[in-house]
Amino acid sequence: MRKFIIMGIQGSGKGTQAKLLADDLDLEHFSVGDIFRWNVQHHTKLGAQVKRIMAGGNLVDDDLVEAVVRECLARHDWNFGFVIDGFPRNARQAEFFLESYDIDGVINLYLPDEEVTRRVLARRLCSRCGLDYNLIAHRPQQEDICDVCQGKLEARADDTPEALAVRLADYHEETKPLITIFERKEFVATIDATLPVEKVQASIRERFDLPPRP
C-alpha cells in the first residue's frame, strides 16, 4: 500500500502531480481544495461558507478541513493507497493526521514566490464543467471558452493579487514549518517544481522508488 501527502505552495502543481500518481499507481486522490471548489460551484451550504472565506484570501478553519478529510478517508478502501493534497496546512492539522493515519512519505514541491504569482494569476476554471486551464501552459482554443463544454472560463474567486498575497503569507508562516515536523517522523522529498510536469513526476518516482510512468 502506498500512502503519500503532497505539499507545496499555491501553483506548484500539487493536483497535477497527485493525479498522475493516482492514475498510474491505482491510488485514491483526495484534494481538499477540489472538494471545497465543487461545493462552491454547486451552491451547497458548505460551499457558501467556504466561498466567503476564500474570497478574503483566508484559509478554511481547522475543524472544517479535518471533518472533510475524515469523511473522505472514511469512504476509502484501505486495500489501496492514497495521495492527499491541500492538507495539512498547519501544525494542528499535521498532528491530527499523523495521529490518525500512517503514511509512506511526504512530497514537498518547491516553487519560488515570483513563479507562484505568475502561475496562479493565469489559472482559469470552467464555470460549467469545472475543467482547469492555465493561460501559460494550457490555453483554450477559443479565448475564455472551455474546449469541452463551451462553458465560460473564469478566474477562481481566490485567484486575485490581494487574496494571493494573504495565502503566500499564511503558507510561509504556518505551512512551510510543517516540513520540519514531518522530517522528524517521515521521509520528506523536496522536489524542484519549476521543472516541466513530466520531469517533476520522474523526480518524485525516483526519490520514492516508484515504477516509472508507462
Side-chain angles (χ1 to χ4, degrees), residues 4-22 29 31-38 40-41 50-51 53-60 83-90 106-148 151-179 188-205 207 213:
F4 300 102
I5 290 173
I6 186 164
M7 298 180 62
I9 204 164
Q10 300 287 329
S12 59
K14 296 187 297 295
T16 298
Q17 298 301 330
K19 287 173 184 175
L20 288 173
L21 288 171
H29 173 212
S31 169
V32 176
D34 284 351
I35 293 168
F36 286 149
R37 280 187 286 273
W38 184 92
V40 170
Q41 186 178 3
V50 169
K51 186 174 183 178
I53 297 169
M54 293 172 64
N58 298 308
L59 297 179
V60 178
V83 54
I84 184 166
D85 76 77
F87 181 89
R89 289 180 173 175
N90 57 42
V106 177
I107 302 161
N108 177 37
L109 301 179
Y110 170 74
L111 195 68
D113 284 4
E114 57 271 19
E115 181 63 12
V116 174
T117 301
R118 189 176 80 94
R119 291 186 183 187
V120 168
L121 296 185
R123 294 194 301 198
R124 297 293 185 271
L125 188 68
C126 177
S127 59
R128 182 180 297 172
C129 71
L131 188 64
D132 281 310
Y133 289 83
N134 188 292
L135 302 184
I136 298 171
H138 180 203
R139 299 183 68 90
Q141 295 179 2
Q142 184 178 350
E143 187 175 359
D144 295 331
I145 300 296
C146 177
D147 295 338
V148 176
K152 181 176 175 55
L153 301 187
E154 300 175 345
R156 297 175 183 175
D158 56 336
D159 281 355
T160 65
E162 296 77 16
L164 179 58
V166 174
R167 298 209 303 276
L168 286 173
D170 284 339
Y171 176 83
H172 290 301
E173 180 178 351
E174 293 196 345
T175 311
K176 195 174 179 181
L178 296 186
I179 301 302
V188 177
T190 297
I191 308 294
D192 181 0
T194 64
L195 298 173
V197 169
E198 289 295 338
K199 289 189 176 181
V200 173
Q201 182 71 192
S203 297
I204 292 171
R205 293 178 185 233
R207 295 292 298 278
R213 291 203 74 201

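- In this structure, CD1 in I145 is found 8.5 Å from CZ in R128, a value given to the nearest 0.5 Å.
- Side-chain contact between M7 and L109 is absent, with no heavy atoms from C-beta onward closer than 4.5 Å.
- Here the OG-OH distance, from S12 to Y110, works out to 11.5 Å after rounding to the nearest 0.5 Å.
- Counting only heavy atoms from C-beta outward, the side chains of R124 and N134 never approach each other to under 4.5 Å.
- In terms of modelled atom types and a separation under 3.5 Å, the side chain of K14 and the main chain of D85 share no donor-acceptor contact.
- Q10 contributes atom CD, which lies 10.5 Å from atom OG1 of T117 (distance to the nearest 0.5 angstrom).
- Legend: residues meeting side-chain hydrogen bond (donor to acceptor under 3.5 Å, both in side chains) with E114, ordered by chain and number and at least two apart, are absent.
- To the nearest 0.5 angstrom, S127 atom OG is 4.5 Å from E154 atom CD.
- Note that the CZ atom of R213 and the CD atom of Q201 stand 6.0 Å from one another [nearest 0.5 Å].
- By the side-chain hydrogen bond (donor to acceptor under 3.5 Å, both in side chains) test, D192 pairs with T194, sequence neighbours left out.
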Go through the steps for T175 and D170 under the test side chain to side chain contact (heavy atoms under 4.5 Å, CB included), then give the verdict. CA-CA 7 Å; T175 311; D170 284 339; over 6 Å; no
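- The shortest side-chain heavy-atom distance between R123 and V120 falls under the 4.5 Å cut-off.
- The shortest distance between side-chain heavy atoms of P140 and L135 falls below 4.5 Å.
- Side-chain contact between N90 and E173 is absent, with no heavy-atom pair separated by less than 4.5 Å.
- Of the possible polar contacts, none joining the R119 side chain to the E115 backbone as a donor-acceptor pair under 3.5 Å is found.
- In this structure, the side chain of D147 engages the main chain of Q141 through a donor-acceptor pair within 3.5 Å.
- Between R156 and D132 there is a salt bridge, since at least one side-chain N of the basic residue sits less than 4.0 Å from a carboxylate O of the acidic one.
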Could you walk me through whether D159 and R167 satisfy the salt bridge (Lys or Arg N to Asp or Glu O under 4.0 Å) test, starting with their C-alpha distance in whole Å, then the side-chain angles of each, then the deciding distance to 0.1 Å, before giving a yes or no? CA-CA 10 Å; D159 281 355; R167 298 209 303 276; 3.2 Å; yes
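- Counting only heavy atoms from C-beta outward, the side chains of L131 and L125 never approach each other to under 4.5 Å.
- One distance of note links OG1 of T16 with CD of E198; it measures 10.5 Å at 0.5 Å rounding.
- Counting heavy atoms from C-beta outward, C146 and Y133 have side chains that approach closer than 4.5 Å.
- The one candidate from N108, L178, I5, I107 that meets the side chain to side chain contact (heavy atoms under 4.5 Å, CB included) condition with V188 is N108.
- I84 has its side chain out of reach of I6: every pair of non-hydrogen atoms, C-beta onward, lies at least 4.5 Å apart.
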